[in-house]
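Values below: all heavy atoms of this structure, side chains included; hydrogens, waters and symmetry mates excluded. Throughout, protein chains are lettered first and strands after them, A, B, ... in sequence-line order, and every chain is numbered starting at 1.
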Number of protein chains: 2
Amino acid sequence: MTIRQDIHNSEIPALCRSCEARHRGVCGALTTDQLVELSRHTTKRKVDPGTVLVSDADTIDSYANVLAGVVKLTKTLPDGRQQIVGLQFAPDFIGRPFKHESSITAEAATPVRVCAFPKKSLDRMIELSPELGHRLHVQALNELDEARDWMLTLGRKTAAERVASFLHLIARHSDPEKELGGEVSFDLPLTRADIADFLGLTIETVSRQLTKLRKDGLIAVENNRHITVFDVARLERRANV
Amino acid sequence: MTIRQDIHNSEIPALCRSCEARHRGVCGALTTDQLVELSRHTTKRKVDPGTVLVSDADTIDSYANVLAGVVKLTKTLPDGRQQIVGLQFAPDFIGRPFKHESSITAEAATPVRVCAFPKKSLDRMIELSPELGHRLHVQALNELDEARDWMLTLGRKTAAERVASFLHLIARHSDPEKELGGEVSFDLPLTRADIADFLGLTIETVSRQLTKLRKDGLIAVENNRHITVFDVARLERRANV
DNA sequence: CGGCTTTGTTGATCCAGGTCAAGGTGTTGC
DNA sequence: GCAACACCTTGACCTGGATCAACAAAGCCG
């Protein structure tokens with residue numbers, strides 16, 4: 001078990017309402033009865049950056065929904081080389097249905113709030129609720145599309161294009177409601193090391209490319225974290241999206 | 001419409017039996033009634049290498065099952081750089097449920113036999129048969145696992161490791177029944193150009209790495225296509241699997 | 001405050017893999 | 001038989017990004 005199951009009963013109602021509010025959350029697909037049943041075993045947790053939520057080392061017996069923050073999915077070679085293979089934003093689902101071990105590690109990249117439930121309960125609900133199964137199916141297909149997009153980035157783009165693609169991806173998620181365009185500001189949810197692991201580059205190269213974007217007047221950087229993109233269209237051109 | 005719907009009634013029974021024989025095929029999940037209904041609109045096709053089955057340019061209104069051969073899924077940048085983001089072997093399913101356009105192109109890499117059906121009919125069946133939806137969900141999750149495995153390869157492995165990983169992947173698919181080990185032989189389903197597009201390398205680098213594996217006594221190559229791996233364990237060590 | 005650690009930047013150098021160029025091999029059609 | 005073509009290999013050279021090294025800046029804690 002990787003996600004601790006400490007029950008905080010007082011938090012349960014709020015939790016599931018907040019899941020439901022987001023279209024990709026799990027809870028919205030259930031009837032009230034099912035929600036009550038599920039919430040009996042549900043816990044909301046706040047975790048610090050670096051906390052491992054799911055490890056590829058052990059068997060999984062819980063799922064989770066991201067309520068806030070960013071979770072990175074990583075793979076590591078025996079010699080330590082690491083690759084981030086996905087980023088999960090609220091209200092994404094974390095877990096691998098229909099299997100008992102995970103081939104990837106899920107780790108909090110920022111302070112994160114998650115809503116965790118035991119695998120067994122949710123597996124039962126998937127069988128009972130086709131609507132829930134359908135939602136998870138749709139999320140899996142979306143993640144597959146994203147993974148394949150990123151394969152193009154990793155296999156064929158230059159360092160400059162990768163960094164621009166990354167900023168564009170974060171900008172898209174920073175305010176999912178708003179149509180992307182003109183000037184945008186956001187905080188990077190990842191350190192330079194994480195960005196490098198996501199882009200298949202080194203931290204030095206990431207740093208140099210960000211400096212280049214800054215000197216070329218495409219972005220402004222404050223405190224190494226807060227980014228302003230002056231013209232999204234120009235960034236897209238650099239990213240070759 | 002990208003897959004032509006020429007009906008060859010005489011072939012339909014054979015077709016669905018052959019789908020059913022393979023565990024990941026679509027047809028096995030349906031009742032006889034549903035099979036009959038579906039087969040009314042089903043066509044079996046033989047296509048030559050290079051034939052585009054699904055193009056990212058147009059809207060999709062058909063799905064397909066691979067019966068034999070290998071189909072490559074590709075993405076291309078405006079300037080022509082290309083990346084293969086997946087390989088589909090029999091009896092894989094091709095298509096993107098719950099969406100009307102595809103972000104990738106599917107193209108026959110070898111001579112291929114496919115079993116195609118109109119999107120509408122299958123979409124209806126997905127609604128009727130939870131078992132069918134479940135199968136497609138499982139395949140989507142498997143493809144997601146494979147895509148993420150490959151992201152590690154593209155982002156962090158050296159050319160030598162990539163080529164070894166590729167041979168290992170093909171070896172695994174060449175005889176899925178058999179446990180992989182000792183000496184294995186198979187035909188490469190891809191040209192050097194395709195291999196390069198799959199690995200994010202150039203054809204020259206792929207060629208040099210194959211030569212190196214040959215000179216190091218790990219593999220033998222006949223006619224540029226037929227490969228013998230003398231010791232799978234040694235290949236795995238090179239691939240860093 | 002000042003020392004310590006973690007994180008990020010910048011410069012100098014190196015090398016894995018890309019690019020360019022030439023030639024080999026096999027297949028198809030006349 | 002021999003063009004014409006598609007595909008693959010090999011060599012010589014170049015370059016984008018890695019590596020190595022030094023330093024700056026920002027948290028953290030006594």
Extract from the structure each pairing of a protein N or O with an N or O of nucleotides 19-22 of chain C at less than 3.5 Å, listing the distance.
{"unit_1": "C/dT19", "atom_1": "O4", "unit_2": "B/Arg208", "atom_2": "NH2", "d": "2.8"}
{"unit_1": "C/dC20", "atom_1": "N4", "unit_2": "B/Glu204", "atom_2": "OE2", "d": "3.2"}

Task: Basic-acidic side-chain contact under 4.0 Å: A/Arg238, A/Asp216 - done: yes
Open item on the list: Tell me if a side-chain donor or acceptor on B/Thr110 pairs with a main-chain N or O of B/Val70 at a distance below 3.5 Å.
Closed with: yes
TODO: Just say parallel, tilted or perpendicular for the rings of A/Tyr63 and A/Phe93, cut-offs at 30° and 60°.
DONE: tilted
Task: Under-4.0 Å salt bridge between B/Asp197 and B/Lys72 - done: no
Open item on the list: Looking at A/Arg162 and A/Lys157, would you say the former's side chain and the latter's main chain have a donor-acceptor pair under 3.5 Å?
Closed with: yes
TODO: Considering only NZ, NE, NH1 and NH2 on the basic side and carboxylate oxygens on the acidic side, decide whether A/Glu161 and A/Arg156 come within less than 4.0 Å.
DONE: no
Task: Separation of atom CZ in A/Arg81 from atom C1' in D/dT19, rounded to whole Å - done: 15 Å
- [ ] Would you confirm whether B/Ser174, through its side chain, and B/Ala171, through its main-chain N or O, come within 3.5 Å as a donor-acceptor pair?
- [x] yes
Task: Distance, rounded to the nearest Å, where A/Arg214 contributes CZ and C/dG8 contributes P - done: 14 Å
Open item on the list: Classify A/Ile203 by what it touches in the nucleic acid, base, sugar-phosphate, or nothing, heavy-atom distance under 4.0 Å.
Closed with: nothing
TODO: Return the 5'-most residue of the pair B/Arg162, A/Ala193 with respect to DNA chain C, ranking by each residue's nearest nucleotide.
DONE: A/Ala193
Task: For atom CD of A/Gln209 and atom C1' of C/dT10, their distance in whole Å - done: 14 Å
Task: Proximal nucleotide (of C/dT9, D/dA18, D/dT9) relative to the A/Leu201 side chain - done: D/dA18
Task: Length of the NZ-P vector between B/Lys212 and D/dC8, whole Å - done: 21 Å
TODO: Search all heavy atoms of B/Phe230 against all heavy atoms of B/Gly217 and return the closest pair with its distance.
DONE: CD1-O, 3.3 Å
Open item on the list: Measure CZ/A/Arg192 against P/D/dA18 and give the value in whole Å, please.
Closed with: 16 Å
- [ ] Search all heavy atoms of B/Thr76 against all heavy atoms of B/Gln82 and return the closest pair with its distance.
- [x] OG1-NE2, 3.2 Å
Open item on the list: Quick check on contacts: within residues 221-228 of chain B, what sits under 4.0 Å from DNA chain C by heavy-atom distance?
Closed with: none
TODO: Would you kindly give the NZ-to-P distance between A/Lys157 and C/dG18, to the nearest whole Å?
DONE: 18 Å
Task: Length of the CG-P vector between A/Leu210 and C/dT7, whole Å - done: 17 Å
TODO: Calculate the interatomic distance between A/Leu154 atom CG and D/dG17 atom C1'; express it in whole Å.
DONE: 15 Å
Task: Closest listed nucleotide, where the reference is the side chain of B/Thr191 and the choices are D/dC8, D/dT10, D/dG17 - done: D/dC8
